[in-house]
Amino acid sequence: MARPKKKLDEIKLLQINLRVTLNEQVQLEEIAKTYGLNVVEFVRRRALQRQLPKFTMPGLQRDLLIELSRIGNNINQMSKKANQGNPNLKGLESELSNLHKQLNEIKNQILN
């Protein structure tokens with residue numbers, strides 16, 4: 001299925017260039033990262049007075065949480081294969097379940 005066509009008023013045709021110092025660029029990147037946005041989207045939302053995400057997280061914690069989510073996804077995929085009777089993964093169900101629980105505990109600690 002192809003991506004739906006955007007309406008004409010949703011297409012971003014124009015570009016605005018903005019000059020900033022190196023320090024300002026670093027600040028913008030850090031602030032945008034705490035909101036989980038890229039610099040362009042952060043500046044767009046601030047300039048147009050649109051709402052920023054309510055949940056913020058320091059960059060390092062956000063990166064760690066994203067990586068833990070990726071690991072969790074891989075564990076879920078392996079669990080699915082093990083539960084489907086893949087003979088190469090027999091006996092791993094309990095280990096995968098324990099890993100999944102540990103990842104959830106780590107995620108909860110990061111979020112709290």
May I ask you to check whether over 12 heavy atoms, not counting those of I11, lie within 6.0 Å of atom CD1?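 Yes - once you tally the heavy atoms of other residues, nucleotides and ligands closer than 6.0 Å, there are more than 12.
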
CG of L8: more than 12 outside heavy atoms within 6.0 angstrom?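 No, the 6.0 Å shell around CG holds no more than 12 heavy atoms from other groups.
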
Could you work out, with side chain to side chain donor-acceptor pair (under 3.5 Å) as the rule, every residue matching N38, not counting sequence neighbours?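 Here no residue qualifies.
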
Inter- and intrachain pairs under salt bridge (Lys or Arg N to Asp or Glu O under 4.0 Å), touching residues 38-53, at least two apart: E41-R44, E41-R45

In Å and rounded to the nearest 0.5 Å, what is the CG to CG distance from L18 to L28?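 Atom-to-atom, L18:CG and L28:CG are 7.5 Å apart.
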
From R3 atom CZ to K5 atom NZ, the distance as rounded to the nearest 0.5 Å: 10.5 Å

Identify whether V20 and V43 are in the same connected component of the hydrophobic contact network (ILVMFWY, side-chain heavy atoms under 4.5 Å). yes

What are the two closest heavy atoms between L37 and F42, and how far apart are they? CD1-CA, 4.1 Å

What's the shortest heavy-atom distance between Q15 and N17, and which atoms?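 Looking at all heavy atoms of both residues, the closest pair is NE2-OD1, 3.0 Å.
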
Residue list, salt bridge (Lys or Arg N to Asp or Glu O under 4.0 Å) with R70, at least two apart or on another chain: E67

Is there side-chain contact between E30 and V26, with heavy atoms separated by less than 4.5 Å?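 Yes, at least one pair of side-chain atoms sits under 4.5 Å.
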
